[in-house]
Amino acid sequence: MEYENHSKEELINDITNQKEYENKLALQANILSKVKDAIIVVDYNDIIIYCNESFVKLFGWQEQELIGQNFFDLAHYVILDEELKERNKRAREKIKKAYNEADENKLNQIKCYTKDGNQIIIDVNSSVLRDYKRRCNGFILSIRDVSERYEYQLKQKKNEEKYRYLFNSIDEGFAIIDVIFDENNKPVDFRFIELNAAYENITGIIIKNVIGKTAKELNFAFEDYWYEIYGNVAMTGKPIRFINEEKSLNMWADEYVFKIDAEKGNRVAILFKDITDEVMYNRKLEELIKMQDEIYVNVSHELKTPLNVMYSANQLMDVYLKSNSIKTNKEKLINYNNIIKQNCYRLTKLINNIVDLSKSKSGQLMLNLCNVDIVEVIENIVQSVSEYVKSKELKISFYTNVKAKVIACDSDKIERIMLNLISNAIKFSDPNSEIFVNVLSKEETVEITVKDMGIGIEKQNLDYIFKKFYQEDKSLSRNAEGSGIGLSLVKSLVELHGGNISVESEVNKGSIFKVELPAKTIENQELKEQINSMNNKIETIKIEFSDIYSV
Ligand code: ADP
């Protein structure tokens, strides 16, 4: 009886327990089926033995299609991250074998496919199921669809890559800094957050040495105003642009400082561009404009002088012509007419020189190169000016170390060079002295010298005489007119030939101008005969010598 009573009690207890247990299980199954995460239970061989409603919803397979299937095969489960793949393999092996290993394994961003063949990205939390001996006999996988987040992250990554690419490929230096303020809100330092490659190239500041460090920690000698500029931009949010000479870097920089991150109150970006070339170019341009202005002033002065002379002569001629005394004043009229002619030559020379000089500076002056006997060319020029030289009570002599030497040159331009040099030699020589013109054939060059025994050139002026409009003090050295562009043009013409011009001089002893031309010829070209027609040269000589001779 006792036993019966006992067993009845026990039985009731058992039934109650059983009921409670079943209710509990039903509740758990209900909870499991309702949770948002997709949940499956797989056995030791990854065969699905349970799935909840969310899983069915996410993957599209019905429960009966899933039970008994290998989930990993069914969903074409691929772990995208190679490193994670390896780690997971090792973790699963350990979990399966060893008893006391960690029971949780978290895997992120796994690619798999739903029943419809749609790709989804999931995060998986797996927990090991163990039997009473703690042997692994399966896994609970809790799965969350993170496709949207993954897409977003992918986009973010691409944007970040684009930004990185831009950041590193722009040729302007780009730096991001955090300005550091003291307790009184005074900017006292800044920390380097990011720098791009161009910044490193331009400034020489090595990125990896400075990132995360402050200017003061690095002992960078920034003047106080830099902290003020950066601090001001950080505080007011107003960008600032300025051009600054970075003396320590030996460059001019265009800098643009702007606030970059509204949330971080002290974050400032600096765009830094090396504009040294631009500044230098502008300076050169300014110099050029200044020089051009000087040219205008000089040219108009030089043009005015012969023009004034012509105007005066013309006025005097007018008086004689109007007074009906042409016959009695014939000599005077002829003289005035000659003065006009003479000054026409001067103007022609000046204009020719200016035109040719500017043509040569802009690369428009072309050479008509022909194979000619340079000895003959120079000798002809000397011959044709000898009468003029004689009339100034000077002597001119010609010497050469070869009978003939054929080189490729433009004989008209050589004539301009020689007439300029000889006219200077005449201009700056005193009567009864001599002018020597030599042609020396050397190994690779032909050397032409024009030597005089005239007033010479001060040593300190030797560097300047080939510059445009340079003239030594008129009151001291000049006994004739000139414009100061002859030698500049001569230099351009010589250089156009690939040659070189130099001068040696001593005050009161004389000067030697040396022209070196390359001794080259044009292949397969016949020698151009020199037509030594005096008439041909007279006009040219009259023009070139117009500032030393009267007509
Ligand atoms: P210019 O037309 O004034 O002679 P150039 O360019 O030919 O201009 O010469 C520039 C200056 O160089 C001259 O004004 C003169 O001061 C100096 N110079 C040139 N040739 C000689 C020379 N043979 N002897 C002395 N001074 C010279």
Side-chain angles (χ1 to χ4, degrees), residues 291 294-295 297-306 342-343 345-358 360-361 381-382 385 388-389 392 394-397 413-438 448-495 501-515 540-549:
M291 205 171 83
E294 270 171 32
I295 291 177
V297 174
N298 274 297
V299 166
S300 25
H301 172 78
E302 296 303 332
L303 288 172
K304 256 188 198 160
T305 315
Q342 165 87 19
N343 283 282
Y345 284 135
R346 281 189 184 169
L347 279 178
T348 310
K349 176 180 175 179
L350 185 65
I351 291 164
N352 282 352
N353 282 356
I354 292 168
V355 170
D356 285 352
L357 194 64
S358 53
S360 81
K361 296 282 177 224
I381 295 167
V382 173
V385 299
Y388 287 85
V389 178
K392 283 272 171 184
L394 293 165
K395 255 177 85 182
I396 189 162
S397 58
K413 302 286 187 296
I414 298 291
E415 197 173 271
R416 290 281 287 283
I417 295 169
M418 292 310 292
L419 289 178
N420 254 294
L421 294 178
I422 296 170
S423 85
N424 275 345
I426 299 170
K427 213 187 316 185
F428 299 103
S429 288
D430 292 324
N432 296 322
S433 71
E434 199 169 347
I435 297 165
F436 305 88
V437 177
N438 290 352
I448 306 157
T449 51
V450 178
K451 181 180 166 196
D452 65 58
M453 298 155 73
I455 61 166
I457 303 159
E458 300 263 5
K459 217 179 171 81
Q460 72 265 24
N461 295 332
L462 285 176
D463 286 344
Y464 304 106
I465 58 164
F466 296 108
K467 295 229 160 83
K468 249 183 293 199
F469 296 112
Y470 175 78
Q471 292 179 329
E472 273 197 342
D473 186 358
K474 276 192 178 186
S475 56
L476 292 172
S477 65
R478 303 185 69 82
N479 47 22
E481 285 299 325
S483 61
I485 49 176
L487 283 180
S488 175
L489 178 68
V490 164
K491 185 173 158 69
S492 293
L493 292 175
V494 171
E495 285 171 356
I501 183 161
S502 55
V503 60
E504 279 173 36
S505 187
E506 215 176 308
V507 175
N508 294 329
K509 291 232 163 118
S511 314
I512 308 176
F513 284 84
K514 181 162 80 180
V515 173
T540 327
I541 296 170
K542 273 182 180 164
I543 292 169
E544 294 300 334
F545 282 13
S546 57
D547 43 2
I548 42 175
Y549 287 98

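For ligands, and for the atoms within them, numbers begin at 1 and follow the listed sequence. Note that this is a predicted model, so its numbers are computed, not measured.
Contact between Phe545 and Ile426 at its shortest, heavy atoms only, is CE2-CD1, 3.7 Å.
The proximity of Ile457 to ligand 1, defined as any non-hydrogen pair under 4.0 Å, is limited to the side chain. Residue Asp452 touches ligand 1 through its side chain alone, judged by heavy-atom distances below 4.0 Å.
Between Asn420 and ligand 1, a contact under 3.5 Å exists for no N or O pair. Taking any N or O of Gly486, backbone or side chain, at least one lies under 3.5 Å from an N or O belonging to ligand 1.
Every atom of ligand 1 is numbered from 1 in the order shown, and the set under 4.0 Å from a heavy atom of Lys427 is 1 (P), 2 (O), 4 (O).
Residue contact annotation: Phe513 has a non-hydrogen atom under 4.0 Å from ligand 1.
Residues passing the side-chain contact (heavy atoms from CB on, under 4.5 Å) test with Thr449 are Asn438, Glu447, Ile512, Lys514, sequence neighbours excluded. The side-chain contact (heavy atoms from CB on, under 4.5 Å) test applied to Ser511 returns Asp452, Ile457, Ser505, Phe513, not counting sequence neighbours.
Under the 6.0 Å distance and 45° angle rule, Lys451 counts as a cation-pi partner of Phe436.
Of the listed options Ile465, Leu489, Leu487, Asn424, Leu487 places a heavy atom closest to atom 6 (O) of ligand 1.
Glu504 CD: 12 or fewer foreign heavy atoms inside a 6.0 Å radius.
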